[in-house]
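For reference, the structure discussed in these notes is given below.
Reminder, nothing fancy here: chain letters follow the sequence lines and each chain counts from 1.
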Amino acid sequence: MSSATPNAQSQEKAEGDDFVPKIIVFCCNWCSYAGADLAGVSRLQMPPHFRVIRVMCSARVDPEFVLRAIQKGADGVLVAGCHPADCHYIGGNYRTRRRIALLRMLLQQFGYDPDRLRLEWISAGEGEKFQKTMVDFTKTIEEIGASPMRGGD
Amino acid sequence: MPENTSTEKEKPRIGVFICHCGSNIGGFVDVKAVTEYASTLPDVAYATDNLYTCAEDGLNNIKETIKEHNLDRIIVASCTPRTHAPLFQRTCEAAGVNKYMFTFVNLREHCSWVHMKEKEKATQKAKDLVRMGVARARFLEPQEETRVDVTPTALVVGGGVSGMTAALSLANMGFPVHLVEKDKELGGFVRSLHALMMTTKSANETIRPLIDKVNAHKNITQHLSSHVASVEGFIGNYDVSIGGDGAEPKEVKVGTIIVATGAVPLVPDGLFGYKEHPGIITSSEFEELCNKKELPRLKSVAFIQCAGARGQKVSYCSRICCNVAIKSAIHIAENRDNILGVTEEKAAEAGEAVEEPAAEKKAEEEGSERRRRRRGRGRQAEDGAGEEGAAPSSGVEVTVFNRDVMAYGVENELEFNKAREKRVKFVRYGPDNLPKVSVKDGKLEVGYFHETLKMERTMPVDMVILSTPLVAQPDAATLSQLLKVPLGQDGFFQEAHVKLRPVDFATDGVYVCGACRGPADIAESVSQAAGAASRASIPLANGFVQAEALTSVVDETKCTGCGTCVEVCPYSALRKNDEGISEVIAAACKGCGCCGATCPEGAITMTHYTDQQLLAEAKAALEEV
């Protein structure tokens, strides 16, 4: 699909070694934000390239938020919510799951690597999972390279 | 993106307080540099750093600075909002700043503690996080929390031990209670049982006083042979329709609802030869036979534990079955109440006076508790099959085939020991080596692998009692839909928090107790019911509830009335008004924001988590600096 999408992967790796990824993490207040807190309390070290935005539920993450973040130069967006059947708001995370699946397809159609957007279930007790996710997602984004939107608007 | 609130309205005056948290932040982030940076950000009127912002002098500093610098929104950059937001919000309010004009920036859990070896990068991140907080704060709006009146009446669904206890507790507090029971009598599952653990009274004698008290209580309105047909509304103001057998539905108004619908025993179709021989029965059928005095004369009885549980038909341990089997085994071994059909004569103690049911600690019909784990039990292997000398007092050989005996706690362990004193044999089987029940020439036998002897053995028996797990009520899903409360994987109602909120639902105003949230014995059900009643009484006693001002807001000019939000709202907090436009029932809205993300017109946003605020935060995070 890359031929029809010139701003995609072909340019993405051009940044070189001093690429510092910008990663936005939407955390739901009840599980994932608390999981991130637990990672902190447990002093689990991780790459410093992510910025957490707290929302009440992962289902609050409007597709527009993700697309705007990409537009403004985010190299990666992670949405983290409660595990299935564990949503504080009964079933918001199921909506999130569907939305993110669709959004990933949409990103691909626009020529972005869909792995720039990831959904993870991280419970309040999973500090370690939060850390591992951050380490792994940062690695993924470093491999994909800088977003073609970096520096643009 | 409109970003010009600051020009339209009065220019915001933001105060930023950056905390060292001793060395927790200060040791890994250059707090002075972050403070200096904060003071350069747009609309920041004042920025300072404190050693401990949450300490008395830190809080006083916030209050004084608000007055001195005429600040209208406050940012504290320190630890996590999950623990400290209420404290700083109160401080803001004390200084006349609306608590929704406060923003938290998490520099400790999300920065200094997770980037302890790279101060420069951590400092840069801290600056980014503060910039994000300032960007958000610029768009904050003061919010009014709504107060909703509460109808001081409760609904209890289920007239078993749990439901009756809950109803009685609330009624005793002076609140009118509607008690809905689908059967034509109160008593629930316990009514079908014969004997209970650790009490010489029958099951019916044990719960009789409870039923009598419910019957006599003027505050309790019973709806027998009835079910909840529909529920509308939210905490404090539910309109419930109660349907009965052919009768017109009755409409009641209640403020809080307790779910106490109990559980049912699993029917072990296809397991252990169930129904292939009249001697293969479940433990609840055993109770019925005892009640009817139809138990045949027996020489040898086998219990099979975990019949259908722990990986067979259901995954979980039903907790109560081991103690039920121990109880029944003792009763058979003792021929208690002449249950073995030796005589029809009633036990002498049947006429005994009955005691207070709520304090009926001994009424452990089932017994078992998830939290306390099984203790080591090395002696269990002393089972043996047939090599014991002395016969039990009733002359009946009782063998309990088990995977492990879950006789937790003091009383259950004593009963377990007592059973072994009565020569009840406990024979262990592995999950890959289930006992096999077969019929040979019309006689029952149990084949099993003897783990000590490491060989297959066969035991002729007269009766096989299958200890099947309690499973969720088949209609639990219906009620869960009506009340908008969740069921867990196994179909039981799921509480708000497995440890800290065991009798609340995540939905305010609805509570849960007893076996409908997982297998529980009588004592546990009574405790849970008292807990649920206590929780349910709080809004009733207060007379109002204060709703957090985190709700969705519909822009009527943008709404096209497609109804998608109404469909996705898990709390029925959106409805279409007479003009076909969506409107929010603020008291029912929990502020998840699902509707906002769903609305195809962008007509819905959330107070305090507006699109504008969140996008400003994201944009600030991505600024190239």
Hey, does [Y] have a side-chain heavy atom less than 4.5 Å from the side chain of [X]?
X: A/K72; Y: B/E623; result: no
X: A/K22; Y: B/E624; result: yes
X: A/V55; Y: B/M606; result: no
X: A/R68; Y: B/K619; result: no
X: A/R43; Y: B/V114; result: no
X: A/L38; Y: B/E109; result: no
X: A/R54; Y: B/Y609; result: yes

Contact leader toward chain B among [options], where contacts are heavy-atom pairs under 4.5 Å:
options: A/C28, A/P84, A/A34, A/A39; value: A/A34
options: A/R99, A/H88, A/M134, A/M56; value: A/R99
options: A/P63, A/C87, A/A36, A/S42; value: A/A36

Could you measure the distance from the [atom1] atom of [X] to the [atom2] atom of [Y]? Nearest 0.5 Å is fine.
X: A/I53; Y: B/L615; atom1: CD1; atom2: CG; answer: 8.5 Å
X: A/Q45; Y: B/H115; atom1: CD; atom2: NE2; answer: 8.0 Å
X: A/H49; Y: B/D128; atom1: NE2; atom2: CG; answer: 12.0 Å
X: A/F50; Y: B/H110; atom1: CZ; atom2: NE2; answer: 7.5 Å
X: B/R82; Y: A/D37; atom1: CZ; atom2: CG; answer: 6.5 Å
X: A/D62; Y: B/D611; atom1: CG; atom2: CG; answer: 6.0 Å

With a 4.5 angstrom heavy-atom cut-off, could you sort out which part of [X] is near chain B: side chain, backbone, both or neither?
X: A/Y33; answer: both
X: A/R95; answer: side chain
X: A/D75; answer: neither
X: A/L44; answer: backbone
X: A/V52; answer: both
X: A/P47; answer: backbone

Are more than 12 heavy atoms, taken from residues, nucleotides or ligands other than [X], located less than 6.0 Å from that residue's [atom1] atom?
X: B/K121; atom1: NZ; value: no
X: A/E128; atom1: CD; value: no
X: B/Q481; atom1: CD; value: no
X: A/K139; atom1: NZ; value: no

Select one option (side chain, backbone, both, neither) describing which atoms of [X] are under 4.5 Å from chain A's heavy atoms.
X: B/E617; answer: both
X: B/Y571; answer: side chain
X: B/S112; answer: neither
X: B/M132; answer: side chain

Tell me, out of [options], who's got the most heavy-atom pairs with chain A below 4.5 Å.
options: B/V568, B/L550, B/T83, B/L487; value: B/V568
options: B/N24, B/N106, B/L129; value: B/N106
options: B/C592, B/P486, B/S552, B/C594; value: B/C592

